[in-house]
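Written below as structure tokens is the structure these notes are about.
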Amino acid sequence: MAIGAGPIAALILAGVLSPVRAEIGTTNVALLLAALVAVVAFAGRMAGFVTAVTAALAYNYFHTAPYHSLRIGAHEDIITVVLLVLLGLAASEISAWRRRAHSSAKRRLTDARMLEDVSALIASGASHDDVWAAVSAMLSNALGLGECRFETMVPAGVQSLARSGSLVSTSMRLGVGGFELPPTGVSIPVEYGHETLGHIVLIPAGHTGTSIDTRRAAIALADQLAVSMAMSMARATDGQRSDRTPARR
């Protein structure tokens, strides 16, 4: 909507101000168009760029001599037209940076809440099955997975995700939000102490980008799952020992 509405608004504004350009001055017209470009740029990079170019052409057509022509007779008008385009580019980049920063902060908050929720679940004494169900659902939602399963051995052709969260592949695709997981998926070792208890296999559902922060959070979830598994095995071992201990008289 902004890509379509921004240029139309710039054309209308430049045309409406054309009859009164002598009274308000071409400088003020340029400022009004610049303000419009800055506002539209916050809706998106492409919307800001298209509106800036349209505003510059509209200013040139309606408010520079010779009027109603795309030719420019004065050097000052050339500078004004160029500045309108540059303003649109700058405002669009600032807006895009702001959206990326907001998205990154929101993603980090979501990752932190995932870890908090699983920690609380483990601390409450939940069973390993309940912890795995929660971890699997969180990973599927955060990474856009089509399948999330636990395997005792790494499946053939599935690369292991480094603890740094970095993807290592001969070919990687950059999607919205980061690099996409390989189509064959990746695996995260579930390790406790010096023992590997299994592997979480992550298969992407489509072309969804993943940030390195979210991949690191996935590794942290795998670590929490390892703690839950170790606790579950320890409880089972203690139970077996209790059953084997003869009753005292």
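Starting from 1, each residue takes its place in the sequence as its number. Here the structure is a predicted model, which is why all the values come from computation and not from measurement.
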field: Sidechain-backbone polar pair: Ser232 side chain, Ser228 backbone, donor-acceptor under 3.5 Å
entry: no
- prompt: Should Ser127 and Asp130 be marked as a side-chain hydrogen bond (donor to acceptor under 3.5 Å, both in side chains) after you check the CA-CA gap, both sets of side-chain angles, and the distance that decides it?
  reply: CA-CA 5 Å; Ser127 67; Asp130 291 338; 3.1 Å; yes
message: Applying a strict under-4.5 Å side-chain criterion to I, L, V, M, F, W and Y, I'd like to know whether Val39 and Val50 cluster together.
response: no
field: Sequence-distant partners of Ser166, side chain to side chain donor-acceptor pair (under 3.5 Å), two or more places apart
entry: Ser164
field: CG-CZ distance between Leu143 and Arg215, expressed to the nearest 0.5 angstrom
entry: 8.5 Å
task: Over all heavy atoms of both residues, which pair between Leu139 and Cys148 is shortest? Give the atoms and the distance, please.
output: CD1-SG, 4.1 Å
hydrophobic_cluster_shared for Leu36 and Tyr59, side chain cutoff 4.5 Å: yes
task: Check the pair Ser104 / Arg107 against side chain to side chain contact (heavy atoms under 4.5 Å, CB included), numbers first and verdict last.
output: CA-CA 5 Å; Ser104 178; Arg107 194 163 48 234; 4.0 Å; yes
task: Any chance you could lay out the side chain to side chain contact (heavy atoms under 4.5 Å, CB included) test for Met229 and Val131, step after step, and finish with the verdict?
output: CA-CA 9 Å; Met229 291 182 67; Val131 174; over 6 Å; no
- request: Can you see which heavy atom on Ala10 is nearest to which on Thr54, and at what distance?
  value: CB-CG2, 4.4 Å
Steps toward side chain to side chain contact (heavy atoms under 4.5 Å, CB included) verdict (Gln224, Val135): CA-CA 9 Å; Gln224 291 181 319; Val135 168; 5.8 Å; no
Pair Asp223 + Arg163: basic N to acidic O under 4.0 Å: yes
task: With the side chain counted from C-beta on, respond yes when Tyr61 and Leu57 share a heavy-atom pair under 4.5 Å apart, and no when they do not.
output: no
message: A side-chain contact here means heavy atoms from C-beta on lying under 4.5 Å apart; do Arg45 and Leu89 qualify?
response: no
- prompt: If Ile, Leu, Val, Met, Phe, Trp and Tyr residues are connected whenever their side-chain heavy atoms lie under 4.5 Å apart, and connections chain through other members, are Ile78 and Leu86 in the same group?
  reply: yes
- prompt: For Val29, does its backbone N or O pair with a side-chain atom of His63 as donor and acceptor, under 3.5 Å?
  reply: no
query: Honestly curious: do Leu32 and Val40 fall in one hydrophobic cluster under the side-chain, below-4.5 Å linking rule?
result: yes
message: Looking at Trp132, is its backbone amide N or carbonyl O close enough to the side chain of Ser136 to form a donor-acceptor pair, meaning the two atoms are under 3.5 Å apart?
response: no
- request: Applying side chain to side chain donor-acceptor pair (under 3.5 Å), name anything that partners Arg99, two or more places apart in sequence or on another chain.
  value: Ser95
- prompt: For residues Ser211 and Thr214, is any side-chain donor paired with an opposing acceptor at under 3.5 Å?
  reply: yes
- prompt: Would you say Ser140's side chain and Ala137's backbone share a donor-acceptor pair under 3.5 angstrom?
  reply: no
- request: Over all heavy atoms of both residues, which pair between Val85 and Ala56 is shortest? Give the atoms and the distance, please.
  value: CG2-CB, 3.6 Å
message: Are Arg71 and Thr64 packed together at the side-chain level, in the sense that at least one heavy-atom pair is separated by less than 4.5 angstrom?
response: no
- prompt: Short question: side chain of Asn28, backbone of Ile24 - any donor-acceptor pair under 3.5 Å?
  reply: yes
CG-OG1 distance between Leu17 and Thr26, expressed to the nearest 0.5 angstrom: 11.5 Å
message: For Ala217, is there any backbone N or O sitting under 3.5 Å from a side-chain donor or acceptor partner on Asp111?
response: no
statement: Tightest non-hydrogen contact, residues Leu87 and Ala34, listed as CD2-CB, 3.2 Å
field: For the student: nearest non-hydrogen atoms of Gly88 and Ala52, plus distance
entry: CA-CB, 3.5 Å
query: Closest approach of Leu11 and Ala58, non-hydrogen atoms and distance?
result: CD2-CB, 3.9 Å
task: Begin with the C-alpha distance, continue with both residues' side-chain angles, and end with the deciding distance and a verdict on side chain to side chain contact (heavy atoms under 4.5 Å, CB included) for Arg149 and Leu202.
output: CA-CA 7 Å; Arg149 65 180 188 269; Leu202 313 174; over 6 Å; no
field: Arg21 side chain vs Phe62 backbone, donor-acceptor pair below 3.5 Å
entry: yes
Sequence neighbours excluded and cut-off under 3.5 Å, please list the side-chain donor-acceptor pairs for residues 174-201, or say none.
{"from": "Glu180", "atom 1": "OE1", "to": "His207", "atom 2": "ND1", "distance (Å)": "3.1"}
{"from": "Thr184", "atom 1": "OG1", "to": "Gly157", "atom 2": "O", "distance (Å)": "3.4"}

field: Backbone N/O of Glu76 and side chain of Thr80: donor-acceptor pair under 3.5 Å
entry: yes
Same apolar cluster: Leu161 and Val158, side chain cutoff 4.5 Å: no
task: Look at atom NE2 of His68 and say whether more than 12 heavy atoms of other residues, nucleotides or ligands are closer to it than 6.0 Å.
output: yes
task: For residues Leu221 and Met114, determine if any side-chain heavy atom of one lies less than 4.5 Å from a side-chain heavy atom of the other.
output: yes
- prompt: Just by modelled atom types, is the Leu115 backbone N or O under 3.5 Å from a matching donor or acceptor in the Ser119 side chain?
  reply: yes
